[in-house]
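Comments concern the structure below.
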Amino acid sequence: MSAIIEMEYGNMAKSISHIGDFIEQTSKRNKDSAILNVLSVSNSQGFIQQSEQFENRIVASDDTSNYKIVARNDFAFNPARINVGSIARLTTFERGIVSPMYICFRTKNNLFPEYLDYFFESKRFFAEIQKRLEGSVRQCLSFEGLCNIPLCIPTVEVQQQIGKRLSTLAKEIKLEIDFLELLQRQKRFLLHQMFI
């Protein structure tokens with residue numbers, strides 16, 4: 001999958017546009033503590049419930065009124081863990097809340113969220129992050145640092161085509177992986193039966 005992403009994003013001409021031209025930061029708070037769905041961003045699974053991230057331990061504060069609200073298609077990242085891929089778009093829940101340390105944002109109308117989501121998986125994006133990390137002990141990426149990353153933006157129609165192609169491919173890969181896992185389980189079962 002990563003090779004296909006590189007093909008889609010790697011050949012784009014240099015552009016004077018930057019991510020910041022197409023996103024806006026969000027920081028709406030859970031003031032009345034009405035939203036109870038506490039989420040984290042995993043570098044391998046994207047948005048997940050915090051209890052899954054921390055093995056059924058509750059690490060959220062009892063008072064979540066300062067937590068940030070995220071809605072479907074919003075993005076969030078941990079500034080101190082983005083260098084290991086902890087950035088994601090919310091697709092598995094309609095909404096939730098994340099720790100105040102997360103930086104949250106959404107795309108504007110001229111940027112298809114799925115297009116940006118796949119750009120975040122590209123080698124080019126990770127190379128740009130490395131140039132913008134700040135701090136000596138724990139290196140972090142600020143929202144301004146993210147905004148300064150160059151991004152070539154084709155028309156919305158082309159963005160949607162690219163996003164759709166990559167989504168279809170990701171689904172097909174997942175189906176093949178799931179099928180392979182079933183075959184491996186069947187093989188283990190049959191080998192076990194053979195030697196009973």
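This one's a predicted model, so the numbers in the text were calculated from it and none came from an experiment.
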(message) If the condition is side chain to side chain contact (heavy atoms under 4.5 Å, CB included), which residues does Phe126 pass it with, not counting sequence neighbours?
(response) Ile129

(request) Name all residues meeting the salt bridge (charged side-chain N to carboxylate O under 4.0 Å, His left out) criterion together with Arg185; count only those two or more places apart in sequence or in a different chain, and write none if there are none. (result) none

(request) Would you please name every residue forming a ring pair (Phe, Tyr, Trp, His ring centres under 6.0 Å) with Phe77, sequence neighbours left out? (result) none

(request) Please examine the side chains of Ile162 and Gln159, heavy atoms only from C-beta on, and report whether any two atoms are closer than 4.5 Å. (result) no

(message) For Ile103 versus Lys68, what's the shortest heavy-atom pair and its separation?
(response) CA-NZ, 4.3 Å

(message) Restricting to salt bridge (charged side-chain N to carboxylate O under 4.0 Å, His left out), what partner residues turn up for Arg72, sequence neighbours left out?
(response) Glu94

(message) Restricting to non-hydrogen atoms, name the atom on Ala88 and the atom on Phe47 that form the minimum distance, rounded to 0.1 Å.
(response) O-CE1, 3.4 Å

(message) Distance check, rounded to the nearest 0.5 Å: Asn110 atom CG versus Ile153 atom CD1?
(response) 7.5 Å

(request) Run the numbers on Arg106 and Asn73 for side chain to side chain contact (heavy atoms under 4.5 Å, CB included), then give the verdict. (result) CA-CA 7 Å; Arg106 64 178 52 118; Asn73 283 324; over 6 Å; no

(request) List for me each residue that meets side chain to side chain contact (heavy atoms under 4.5 Å, CB included) alongside Gln184, sequence neighbours excluded, and say none if there are none. (result) Leu180, Glu181, Arg188

(message) Can you confirm whether Tyr115 sits close enough to Thr107 that some side-chain heavy atom of one is under 4.5 Å from a side-chain heavy atom of the other?
(response) no

(message) Going by side-chain hydrogen bond (donor to acceptor under 3.5 Å, both in side chains), name the pairs with one or both residues in residues 137-150, residues two or more places apart or in two chains.
(response) none

(request) Search all heavy atoms of Gly145 against all heavy atoms of Arg132 and return the closest pair with its distance. (result) O-CD, 3.0 Å

(request) Give the minimum heavy-atom separation between Ile97 and Thr64, together with the two atoms involved. (result) CD1-CB, 3.7 Å

(message) Under 4.5 Å between side-chain heavy atoms, counting indirect links through other Ile/Leu/Val/Met/Phe/Trp/Tyr residues: same cluster for Val84 and Val41 or not?
(response) no

(request) Report the distance from atom OG1 of Thr91 to atom CG of Asp74, rounding to the nearest 0.5 Å. (result) 12.0 Å

(request) Report yes if some heavy atom in the side chain of Pro79 is under 4.5 Å from a heavy atom in the side chain of Phe143; otherwise report no. (result) no

(message) Looking at Ser86, is its backbone amide N or carbonyl O close enough to the side chain of Asn78 to form a donor-acceptor pair, meaning the two atoms are under 3.5 Å apart?
(response) no

(message) Is any side-chain heavy atom of Glu114 closer than 4.5 Å to one of Lys164?
(response) no

(message) Phe22: which residues meet the ring pair (Phe, Tyr, Trp, His ring centres under 6.0 Å) condition with it, sequence neighbours left out?
(response) none

(request) With rounding to the nearest 0.5 Å, note down the distance linking NZ in Lys108 to CG in Leu116. (result) 12.5 Å

(request) Output all residues satisfying side chain to side chain contact (heavy atoms under 4.5 Å, CB included) with Ser65, sequence neighbours left out; order by chain, then residue number. (result) Ser33, Asp63

(request) Count the heavy atoms of every other residue, nucleotide or ligand shown that sit under 6.0 Å from CG of Asp32, and state whether that count exceeds 12. (result) yes

(request) Using the test salt bridge (charged side-chain N to carboxylate O under 4.0 Å, His left out), find all partners of Glu24 that sit at least two apart in sequence or belong to another chain. (result) none

(message) If I take atom OH from residue Tyr67 and atom SG from residue Cys104, how far apart are they, to the nearest 0.5 angstrom?
(response) 12.0 Å

(request) Identify whether Tyr118 and Val156 are in the same connected component of the hydrophobic contact network (ILVMFWY, side-chain heavy atoms under 4.5 Å). (result) no

(request) Could you tell me whether Arg29 atom CZ has more than 12 heavy atoms of other residues or ligands within 6.0 Å of it? (result) yes

(request) Could you tell me which non-hydrogen atom of Ile23 sits nearest to which non-hydrogen atom of Leu111, and how far apart they are? (result) CG2-CD2, 4.4 Å

(message) So, using side chain to side chain contact (heavy atoms under 4.5 Å, CB included) as the criterion, who are the partners of Thr155 when residues are at least two apart?
(response) Glu157, Val158

(message) Can you give me the closest heavy-atom contact between Leu133 and Ile82, atom names plus distance?
(response) CD2-CG2, 4.4 Å

(message) As an exercise, state the distance from CG of Leu151 to OG of Ser122, rounded to the nearest 0.5 Å.
(response) 9.0 Å

(message) So Glu134 and Cys140, do their side chains get closer than 4.5 Å, heavy atoms only?
(response) no

(request) Start with the C-alpha distance between Phe119 and Ile19, add both sets of side-chain angles, then the distance that settles side chain to side chain contact (heavy atoms under 4.5 Å, CB included), and finish with yes or no. (result) CA-CA 10 Å; Phe119 175 70; Ile19 290 177; 3.9 Å; yes

(message) Checking Phe75 now: which residues fulfil ring pair (Phe, Tyr, Trp, His ring centres under 6.0 Å) with it, not counting sequence neighbours?
(response) Phe105, Phe120

(message) Surrounding NZ of Lys187 (heavy atoms of other residues, nucleotides or ligands, distance under 6.0 Å), is the total greater than 12?
(response) no

(message) Rounded to the nearest 0.5 Å, what separates atom CG in Asn66 from atom OG in Ser27?
(response) 10.0 Å

(message) If the condition is salt bridge (charged side-chain N to carboxylate O under 4.0 Å, His left out), which residues does Lys131 pass it with, not counting sequence neighbours?
(response) Glu128

(message) Is it true that Asn37 and Gln49 share a donor-acceptor pair across their side chains at a distance under 3.5 Å?
(response) yes

(request) Kindly determine whether Phe179 and Leu183 satisfy side chain to side chain contact (heavy atoms under 4.5 Å, CB included), including the steps that lead there. (result) CA-CA 6 Å; Phe179 183 62; Leu183 289 176; 3.5 Å; yes

(request) Please check if Met101 and Leu90 belong to a single hydrophobic cluster, counting links between Ile, Leu, Val, Met, Phe, Trp and Tyr side chain heavy atoms closer than 4.5 Å. (result) yes

